[in-house]
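Have a look at the structure below before the remarks.
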Amino acid sequence: MDNIKKFEMIASKIDSIKRSIPANVTLIAVSKTKPEELILEGMSNGHLDFGENKVQELVLKYQNLPKTIRWHMIGHLQRNKVKYIAPFVHMIHGVDSERLLLEINKQAKKCNRKIKCLLQFHIATENNKFGFSLEEIEDLLKQKKLDLLENLEICGVMGMATFTENEQIIRHEFNSLKTYFEAIKSHFESHLFDTISMGMSGDYPIAIDCGSNMIRVGSSIFGERE
C-alpha cells in the first residue's frame, strides 16, 4: 500500500471506530512510534485526542504539530520526566504512585496550571504492569493526602487487562476496575471524577461493555508497529 492510501485510511478508521462506540466513550488514538503525517491525517476529520507513551517522542510531536491536539500520556511515567510534559499535556493516564502524584502537582504548580490525571490500578495478573491497589488509594483518601494536591484534577481511573485471549479473565479485570471506580468516586466531585479509561485495540468492546468511557486504540487505527 502506498503512503497516500495509508494516510487516507487513518481518518476513516478513526471515524469508523467512533461510529461503532457509544457517544459517551472518548477515543484516544494511540500514535506512539507513528510519523507525524499520520497524526495530521487522523486530525483531518476533527479528531484531537492522541496518546503517546514516551516522553521524548511526545515532546517532539507537541513541538511540531498543531497546538489544538489534546495529548494523553498513556505510558509509565518516570518522575524525573514530568517537567518536560507538564506545560502542555492534556491528561496523564498512568499515575501509579503517591510520589508521582506529588511530582505532577509540583510541576503543574510551576506551570500555573491544573493537570488532569487518572489513578492507575493494577488489575492484571501480570506483575510487570503498574498501578495502585484499592487499599493504597483508600489509605491516601483516609489521610486526605489527595486533597493537598491543588494543581491536579483527578478525573477517574485507568487500568490494563492481562494480555490474554481468555475473555473471562479480561472481563473480570475490567469489572474490577469499574468496582474500584464506584468504591472511591464519592470522595471526589462527581462532575470531575467521571472517567474509566480501559480497553485497547484487542479488547475495547469488552471494556465498553464493562463500563469504560475512554478507550486507547492504536493498532486498529495505525496498523502494527513497523
Side-chain angles (χ1 to χ4, degrees), residues 26 28 30-32 48-63 65 67-124 128-160 177-198 212-216:
T26 300
I28 311 301
V30 179
S31 49
K32 62 183 183 182
L48 295 177
D49 291 287
F50 291 86
E52 294 285 331
N53 71 338
K54 300 292 185 184
V55 168
Q56 185 175 1
E57 184 177 356
L58 174 54
V59 170
L60 186 61
K61 286 177 175 176
Y62 167 76
Q63 292 171 344
L65 290 167
K67 298 303 180 280
T68 52
I69 294 176
R70 294 187 289 261
W71 290 109
H72 295 252
M73 178 64 193
I74 62 170
H76 178 61
L77 179 59
Q78 295 175 305
R79 296 192 313 280
N80 64 349
K81 294 185 177 180
V82 173
K83 60 188 175 184
Y84 299 113
I85 63 173
F88 67 88
V89 69
H90 177 70
M91 180 179 284
I92 299 175
H93 287 229
V95 182
D96 56 15
S97 72
E98 181 182 355
R99 294 173 73 189
L100 181 56
L101 281 166
L102 292 169
E103 183 63 25
I104 296 170
N105 187 68
K106 173 185 173 182
Q107 297 301 331
K109 187 174 183 178
K110 288 182 179 179
C111 298
N112 193 31
R113 65 186 299 247
K114 278 196 170 188
I115 296 179
K116 297 178 184 291
C117 294
L118 300 177
L119 301 173
Q120 181 174 356
F121 282 88
H122 187 277
I123 59 172
N128 63 340
K129 287 188 168 69
F130 299 91
F132 288 102
S133 67
L134 179 59
E135 292 73 23
E136 287 173 319
I137 292 297
E138 288 178 331
D139 187 53
L140 290 176
L141 291 168
K142 184 177 180 180
Q143 298 182 53
K144 299 189 179 300
K145 289 186 174 181
L146 298 183
D147 296 344
L148 303 175
L149 305 176
E150 296 180 347
N151 287 83
L152 296 191
E153 186 177 313
I154 298 177
C155 301
V157 300
M158 176 269 208
M160 291 184 288
L177 187 61
K178 178 64 160 35
T179 299
Y180 298 160
F181 172 82
E182 296 292 341
I184 65 174
K185 69 177 183 179
S186 64
H187 294 274
F188 301 90
E189 295 183 55
S190 59
H191 69 288
L192 298 177
F193 192 82
D194 60 1
T195 301
I196 302 175
S197 174
M198 59 184 183
S212 174
N213 57 12
M214 182 175 283
I215 58 175
R216 309 176 303 273

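Quantities reported herein were computed from a predicted structural model and do not represent experimental measurements.
The existence of a salt bridge linking E57 and K61 is confirmed by a sub-4.0 Å separation between a basic side-chain nitrogen and an acidic carboxylate oxygen. Using a cutoff of 4.0 Å between basic side-chain nitrogens and carboxylate oxygens, K116 and E153 are scored as salt-bridged. Between E138 and K142 there is no salt bridge, since no side-chain N of the basic residue sits under 4.0 Å from a carboxylate O of the acidic one.
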> Between L148 and L102, does a side-chain contact (heavy atoms from CB on, under 4.5 Å) hold up when you go through it step by step?
Replying inline: CA-CA 9 Å; L148 303 175; L102 292 169; over 6 Å; no
>> Using the rule given for side-chain contact (heavy atoms from CB on, under 4.5 Å), can you reason through L119 versus Y180, listing the C-alpha separation, both sets of side-chain angles and the distance that settles it, and then say yes or no?
In response: CA-CA 10 Å; L119 301 173; Y180 298 160; over 6 Å; no
> So E98 and K145, side-chain contact (heavy atoms from CB on, under 4.5 Å) or not? Walk me through it.
Replying inline: CA-CA 9 Å; E98 181 182 355; K145 289 186 174 181; 3.2 Å; yes
>> Working note: I196 + K178, criterion side-chain contact (heavy atoms from CB on, under 4.5 Å); need CA distance, chi angles, decisive distance, verdict.
In response: CA-CA 7 Å; I196 302 175; K178 178 64 160 35; 3.2 Å; yes
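No side-chain heavy atom of N213 sits under 4.5 Å from any side-chain heavy atom of T26. Two residues are said to be in side-chain contact when any heavy atoms from C-beta on lie closer than 4.5 Å; L100 and L77 meet this criterion. Two residues are said to be in side-chain contact when any heavy atoms from C-beta on lie closer than 4.5 Å; I154 and L192 fail this criterion. Side chains of H72 and H90 form a contact here, defined as non-hydrogen atoms less than 4.5 Å apart. Between H191 and E189 the shortest side-chain heavy-atom distance falls below 4.5 Å. E103 has its side chain out of reach of R99: every pair of non-hydrogen atoms, C-beta onward, lies at least 4.5 Å apart. Side-chain contact between I92 and W71 is absent, with no heavy-atom pair separated by less than 4.5 Å. The side-chain heavy atoms of E135 and D139, taken from C-beta on, include no pair separated by under 4.5 Å.
Judged purely by atom type and a 3.5 angstrom limit, D194 has no side-chain atom pairing as donor or acceptor with the backbone of G156. Using a distance-only test at 3.5 Å, with no hydrogens or angles considered, no donor-acceptor pair links the side chain of R216 to the main chain of V30. Judged by distance alone, with hydrogens and angles left aside, the side-chain atoms of S212 form a donor-acceptor pair with the main-chain N or O of M214 at under 3.5 Å. Side-chain atoms of N53 never come within 3.5 Å of backbone atoms of H76 as a donor-acceptor pair (strictly under, hydrogens ignored). Distance alone, capped at 3.5 Å, places no donor-acceptor pair between the D96 side chain and the F130 backbone. Without hydrogens or angle criteria, Q107 side chain to I104 main chain gives no donor-acceptor distance under 3.5 Å. Counting only distance, with no hydrogens or angles, the side chain of N151 and the backbone of R113 share a donor-acceptor pair below 3.5 Å. Of the possible donor and acceptor atoms, none in the side chain of S31 sits under 3.5 Å from a partner among the backbone N and O of F50.
The environment of Y84 atom OH is sparse: at most 12 non-hydrogen atoms of other residues, nucleotides or ligands sit within 6.0 angstrom. Atom CG of N112 sits in a sparse spot, with 12 or fewer heavy atoms from other residues, nucleotides or ligands closer than 6.0 Å. E150 CD: 12 or fewer foreign heavy atoms inside a 6.0 Å radius. Remark: Q56 CD is loosely packed, at most 12 non-hydrogen atoms of other residues, nucleotides or ligands lying under 6.0 Å away.
Minimum interatomic distance between L118 and S197 (heavy atoms only, all atoms of both residues): CD1-CB, 3.5 Å. Taking each heavy atom of M158 and L177 in turn, the nearest pair found is C-CD2, 3.7 Å. In this structure, F132 and V95 approach most closely via the heavy-atom pair CE1-O, 3.3 Å. The two residues C117 and L152 make their nearest non-hydrogen contact at SG-CD2, 3.9 Å. The minimum heavy-atom distance between M160 and I123, with the atom names listed, is O-CG1, 3.4 Å.
One distance of note links CG of L134 with CD1 of I137; it measures 8.0 Å at 0.5 Å rounding. Distance check, rounded to the nearest 0.5 Å: NZ of K185 to OG of S190 gives 8.5 Å. Note that CG of L101 is 14.5 Å distant from NZ of K106, once rounded to the nearest 0.5 Å. Here CD1 of I184 is found 10.0 Å from CD of E182. Values are rounded to the nearest 0.5 Å. Rounded to the nearest 0.5 angstrom, K144 NZ and H187 NE2 are separated by 8.5 Å.
A cation-pi geometry, defined here as NZ or CZ lying under 6.0 Å from the six-membered ring centre and within 45° of its normal, holds between K67 and Y62.
Ring to ring, F181 and F121 are not that close: their centroids are 6.0 angstrom or more apart.
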